[in-house]
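Below is one structure, written out as structure tokens; the observations come after it.
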Amino acid sequence: MANKADPLAEFLSPAELAEVERRSARLRAGLRLGELRKRLGFTQEQVAGRMGITQRRVSAIETAALNDIKVPTLVAYLETMGAEIDLGARFEGGDRVELRANPRRSSVR
């Protein structure tokens, strides 16, 4: 019997459903980044120029087209628009460690 909360459960295994959710979350995050960039008044070209990368790569960040976005790339993207980076780690059992990155300009190629 299919899970009523997820209509795909009838057609996909639990592992496949988890992969769909992982990719969906990555896409939503990228779309939010693009929306934020626009709200801050930056074009992809401006962000790319400040990062020293191509506009196409910025587009890939915002559409989750990159298989694995490296943390330094994401940090540089966010810092380009004036963000202060906060990092945290969550452990099984609920423990959480908050980290704060030192604001600096990253060079990403």
Roughly how far, to the nearest 0.5 Å, is the CD atom of E10 from the CG atom of L17?
11.5 Å
Shortest non-hydrogen contact from V47 toward F42
CG2-CB, 3.9 Å
Donor-acceptor pair between Q55 and Q44 side chains, under 3.5 angstrom
yes
Rounded at 0.5 Å granularity, tell me how far OG1 in T54 sits from CZ in R57.
7.5 Å
Would you check, one step at a time, whether the test side-chain contact (heavy atoms from CB on, under 4.5 Å) holds for R37 with L40?
CA-CA 5 Å; R37 174 189 48 76; L40 291 171; 6.0 Å; no
In plain terms, say whether E35 and K38 are close enough for a salt bridge, that is, a side-chain N and a carboxylate O under 4.0 Å apart.
no
side-chain contact (heavy atoms from CB on, under 4.5 Å) between D86 and E84: does it pass, once the steps are laid out?
CA-CA 7 Å; D86 292 321; E84 181 178 309; 4.3 Å; yes
Pairwise distance CG(L36) to CG(L31) - rounded to 0.5 angstrom
12.5 Å
Which heavy atom of T73 sits nearest a heavy atom of M51, and at what distance?
O-CE, 3.7 Å
Can you tell me if R96 has over 12 outside heavy atoms packed within less than 6.0 Å of its CZ?
yes
So, for F91 and V97, which heavy atoms are closest and what is the spacing to 0.1 Å?
CE1-CG2, 3.7 Å
Looking at side-chain heavy atoms only, is the closest gap between I85 and L74 below 4.5 Å?
no
How close do Y77 and E62 get, counting heavy atoms only, and between which atoms?
OH-OE2, 2.5 Å
